[in-house]
Amino acid sequence: MELWEKIIEAYPEINPSDHFGQLGISLRDDADGVGAYIAKWEYSKPIPSGLKLGKPKK
Amino acid sequence: MATTTNYGWTTPDDTALVKDGAAAIRTLGSSVDTTTKNLNPETTLGDIAYRSSSANVKTRLGIGSSGQVLTVAAGVPSWATPTSSPLTTKGDIFTFSTVGARLPVGTNGQVLTADSTEATGLKFATPASAGFVGCSLYNTTSQSLTNNTITAITYNAENFDTDTFHDNSTNTSRVTIPTGKAGKYLINFMTNCDGGYSGIWETWLYKNGSSLAGVFATPSFTSPYNYGAFVIFSGVFEFAVADYFEMYMRQTKGSTISIYNNSGGGFLNATYLGA
């Protein structure tokens, strides 16, 4: 499951084609093998459990 | 004894006896001879004389050789060979080190350059190449862009790369500024995206991992024919040595979508414009 799908699973009010940036959510993938991570979280609700802010170690 | 006014030659006194006349004349004649010789030291054709440091004594200056000119050295006249032009060849330049010196003409295309390590401070040198500097990157395969994820665009092939700006296997999204190439760059980016949806394409130029150029969003795109959308980004930006830049994109289709940066479909070009 992709990161964006986990977020939608936690918050069903978010639609897949919503602009996450306008919701205060920025997901980023530096194409360096680490994968997608939450670069910014300013959504009205907390980061879903199991997910973290910031780029994880490779 | 009386003496003459100018040279101090000894002459008989008015009261001297006649018997002393012969000796007096010899003394006077000897003095005149000595003085005359001192005033005329020349011995050879062309000799000249000049005043010495002693009164009533001149110094002989022997004639110089052909072509020499009369000059002054150490406060006295002397003969010297004049400095002649050292130039021998078409295009030679008359320069100076500690004396006049010849700088041979350079080869075609060379330019005159100041160089303090040269004896004359000048040299002819070939100017630095004004050839193209930059890179053009593409990707032999498509790249998947995950929904709503700002993703670095990668390139695994190069049309050209003059100064190792890019590596096809490591950090393939990066273009890194090499030593000696800090300055302004024209960046052209184009990618061909899957079409057939209504959404937003956003494109960023990142410098050293952070957004530099802000967001460039294309209008929502819906293709009735399911054709792809071309996203184009262009601008002039300044970088320092070891800076790296990348292109990032985000799409909001609601699912993963592909972009194509293969031959003809897309590219990332960087052209060095100068410092």
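A quick note: this is a predicted structure, and the numbers were derived from the prediction, not measured. Proteins get letters first, then strands, A, B, ... in listed order; numbering begins at 1 in each.
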Tell me, with the steps shown, if Ile150(B) and Ser26(A) meet side-chain contact (heavy atoms from CB on, under 4.5 Å).
CA-CA 7 Å; Ile150(B) 301 168; Ser26(A) 181; 3.4 Å; yes

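To the nearest 0.5 angstrom, Glu246(B) atom CD is 6.5 Å from Asp30(A) atom CG. Here the CG-CH2 distance, from Asn148(B) to Trp4(A), works out to 8.0 Å after rounding to the nearest 0.5 Å. The structure places CZ of Phe20(A) at 6.0 Å from CG of Asn147(B), a figure rounded to the nearest 0.5 Å.
Contact of Ile7(A) with chain B is not made at all, since no heavy-atom distance falls under 4.5 Å. Heavy-atom distances place both the backbone and the side chain of Thr151(B) under 4.5 Å from chain A.
Between chain B and the residues Leu3(A), Asp18(A), Asn15(A), Asp32(A), the most heavy-atom pairs under 4.5 angstrom are made by Asp18(A).
Side-chain contact check for His19(A) versus Ile200(B): some heavy-atom pair is nearer than 4.5 Å.
Under a cut-off of 6.0 angstrom, the local environment of CD in Glu9(A) is sparse, with at most 12 non-hydrogen atoms contributed by other residues, nucleotides or ligands.
A donor-acceptor pair shorter than 3.5 Å cannot be found between the side chains of Tyr248(B) and Asp29(A).
Arg28(A) approaches Gly209(B) most closely through the heavy-atom pair NH2-O, 2.8 Å. Taking each heavy atom of Ala152(B) and Ala31(A) in turn, the nearest pair found is O-CB, 3.6 Å. Counting all heavy atoms, side chain and backbone alike, Thr149(B) lies closest to Ala36(A) at CG2-CB, 4.0 Å.
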